[in-house]
Amino acid sequence: MYKYAELINDLELQISGDAYKEGDRLPSIRELSKRYDCSKSTVIRALEELQDKHLIYAAPKSGYYVMKRSGKKQNPGNRWIDFTAAAPDPDIFPYLDFQHCINKAIDMYRNDLFIYGTPQGLPSLIREMQRQLASYQVFTDQRGIFITSGVQQSLGLLARIPFPNGRHRVLVEQPCYPLLMEYLRTYGMEAEGIRRSGDGIDLDELERMFKTREIKWFYTVPRFHNPLGGSYNRSQKKAIARLAAQYDVYIIEDDYMADLEQDAKEDPIYAYDDSAHVVYLKSYSKIIFPGLRIGVAVLPDALRNDFNQYKKLSDIDSSMLSQAALELYLKSGMFERHRKKMRSCYGRRSALLHETIMLHAGSTQSSHFTYQPARQRGVHTYLKLGDAARARQVIQRLQKKFIRVETADAGYLDSFVKEPLLKLNVSSVKEPDIESGIEQVIREIG
């Protein structure tokens with residue numbers, strides 16, 4: 001099964017990328033068998049699956065050829081390179097796999113689709129999710145798992161429900177998730193910020209704020225931070241869990257990029273929580289597709305009843321069809337294969353992003369910008385410019401070259417001093433475009 005997964009993942013990535021053009025002939029069955037050290041029957045099975053997905057076609061007595069793919073470059077002269085899009089690359093999405101799961105879900109759960117579910121979520125998905133969470137080192141009983149309409153709904157509920165510490169002020173990393181900033185601003189919630197860099201946060205400052213500022217909860221993205229790209233190391237995660245217990249502050253851990261982790265030994269903050277002070281949030285929007293609108297929240301016992309009550313008043317339940325389809329996608333092993341493919345693809349893109357910046361900036365960094373490589377590289381990073389005015393000018397000039405970039409301003413509280421950061425996200429940027437796009441970005445900064 002391992003050789004089969006490796007073979008089909010590699011071929012799909014090569015076909016969706018630029019390794020093959022429309023009409024190119026794939027290597028022969030014999031050659032693929034030798035290259036991947038597998039049987040010919042394994043190669044044939046993989047090629048037949050690629051045929052079913054309309055990625056290749058067979059020509060009798062000739063071989064297999066690449067078919068035209070949707071979403072390819074239709075207007076090369078005016079094609080945008082978009083470093084602002086955070087959604088996953090649609091060319092990597094397994095449409096037929098998930099379509100099969102949706103059709104199967106309709107058939108299997110036809111009666112359940114015509115009744116309201118429970119605020120906690122589809123029971124069979126919760127059971128499967130418990131096993132899935134264990135692979136992230138998040139161990140919990142099923143009563144603590146809630147299926148939500150993405151992380152965004154979880155954050156909205158956590159901002160409103162009462163917490164056992166009786167406090168109302170929230171602490172957020174700066175910069176951080178723009179929609180959370182907008183939510184706090186819109187509903188006039190008491191919020192403070194703590195600066196985060198590519199290396200993390202000042203733990204002494206975090207302790208001071210926990211001790212003196214009556215903090216209800218602290219929101220953090222522990223790994224592959226957007227837009228900074230960095231991740232906490234193990235000692236930082238342990239320290240945050242210890243401070244939470246010491247000062248009775250809850251941690252809202254948004255681990256939406258957990259599936260891109262390359263190091264199996266890198267655990268979430270939740271794994272170091274001995275005092276039931278960490279709420280673990282996970283989304284499937286960035287690894288599958290945003291329209292799925294399925295997330296999961298793992299809550300300590302003290303928060304479950306209020307979260308359940310507020311969620312029931314918010315939407316009764318999350319989409320039953322989406323939940324059922326995701327359950328089948330997880331159970332079938334399709335998700336694990338897709339996750340490996342995404343991890344491989346995004347790993348190459350993040351490495352290329354870093355290498356290209358270093359190549360074109362490196363020792364030639366000027367007073368106009370600085371670049372701080374993160375300990376762990378994700379699909380996000382940033383360039384720090386000299387001032388906000390220069391950032392706006394660079395954005396305008398790049399638009400004329402069909403390159404989209406943006407600042408991190410939306411990720412700051414109004415009361416917090418904003419740094420002139422130029423965000424770079426390669427989730428949806430093809431590898432050749434990363435090189436050419438970054439080169440032009442650095443050239444425009446000067």
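On a predicted model such as this, the values are computed, not experimentally measured, just so you know. Just so you know, these numbers use all the heavy atoms, side chains as well, and skip hydrogens, waters and symmetry mates.
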Side-chain donor-acceptor pair present, Arg348, Ser344, cut-off under 3.5 Å: yes

Do any N or O atoms from the side chain of Glu192 and from the backbone of Arg169 form a donor-acceptor pair under 3.5 angstrom? no

Please check this pair: side chain of Glu190 against backbone of Val170, looking for a donor-acceptor N/O pair closer than 3.5 Å. no

Work out which heavy atom in Pro300 is nearest to a heavy atom in Val278; give both atom names and the distance. CD-O, 3.8 Å

Could you list all the salt bridge (charged side-chain N to carboxylate O under 4.0 Å, His left out) pairs where at least one residue sits in residues 135-144, not counting sequence neighbours? Asp141-Arg143, Asp141-Arg304, Arg143-Asp301

What pairs of residues pass the ring-ring contact (aromatic ring centres under 6.0 Å, His included) test when at least one of them lies in residues 303-342, not counting sequence neighbours? Phe98-Tyr329, Phe146-Phe307, Tyr284-Phe335

Salt bridge or not for Arg35 and Glu31, using N-O below 4.0 Å? yes

Identify, with sequence neighbours excluded, every residue that meets salt bridge (Lys or Arg N to Asp or Glu O under 4.0 Å) alongside Arg25. none

Short N-O contact, Arg223 and Asp255, less than 4.0 angstrom: yes

The side chain to side chain donor-acceptor pair (under 3.5 Å) partners of Ser319 (sequence neighbours excluded) come to Ser322

Please determine whether side-chain hydrogen bond (donor to acceptor under 3.5 Å, both in side chains) holds for the pair Tyr109 and Ser124, giving the CA-CA distance in whole Å, both sets of side-chain angles, and the decisive distance to 0.1 Å. CA-CA 11 Å; Tyr109 292 98; Ser124 54; 3.1 Å; yes

Ion pair check, Arg337 and Glu12, cut-off under 4.0 Å: yes

Is any side-chain N of the basic residue among Lys282 and Asp254 closer than 4.0 Å to the acidic one's carboxylate O? no

Classify the ring geometry between Phe218 and Phe210 as parallel (under 30°), tilted (30 to 60°) or perpendicular (over 60°). perpendicular

Residues Asp199 and Ser197: side-chain donor-acceptor under 3.5 angstrom: no

Under the ring pair (Phe, Tyr, Trp, His ring centres under 6.0 Å) rule, collect the residues that match up with His277, sequence neighbours excluded. Tyr250

Using modelled atom types and a 3.5 Å cut-off, is there a donor and acceptor pairing between side-chain atoms of Thr381 and backbone atoms of Gly229? no

Salt bridge (charged side-chain N to carboxylate O under 4.0 Å, His left out): which pairs involve residues 130-139, sequence neighbours left out? Glu128-Arg131

Hey, does the side chain of Arg196 reach the backbone of Val221 with a donor-acceptor pair shorter than 3.5 angstrom? yes

Do Arg349 and Glu355 meet the salt-bridge criterion of a basic N to acidic O distance under 4.0 Å? no

Sorted by chain and residue number, the side chain to side chain contact (heavy atoms under 4.5 Å, CB included) partners of Ala86 (sequence neighbours excluded) come out as Lys286, Asn425

Output all residues satisfying side chain to side chain contact (heavy atoms under 4.5 Å, CB included) with Arg185, sequence neighbours left out; order by chain, then residue number. Met181, Glu182, Asp414

Under a plain distance cut-off of 3.5 Å, with no hydrogens placed, do Gln120 and Asn308 share a side-chain donor-acceptor pair? no

Sequence neighbours excluded, which residues qualify as side chain to side chain contact (heavy atoms under 4.5 Å, CB included) partners of Arg167? Asn165, Glu214, Lys216, Asp248, Val249

Students often mix this up, so state it plainly: with edges at 30° and 60°, are the rings of Tyr256 and His380 parallel, tilted or perpendicular? tilted

Please identify each residue that fulfils salt bridge (Lys or Arg N to Asp or Glu O under 4.0 Å) with Lys401, with sequence neighbours left out. Glu444

Sequence neighbours excluded, the answer for side chain to side chain contact (heavy atoms under 4.5 Å, CB included) partners of Ala134 is Phe139

Considering all heavy atoms, the nearest Leu122-Gln323 contact: N-OE1, 2.7 Å

Would you please name every residue forming a side chain to side chain donor-acceptor pair (under 3.5 Å) with Glu419, sequence neighbours left out? Arg195, Lys384

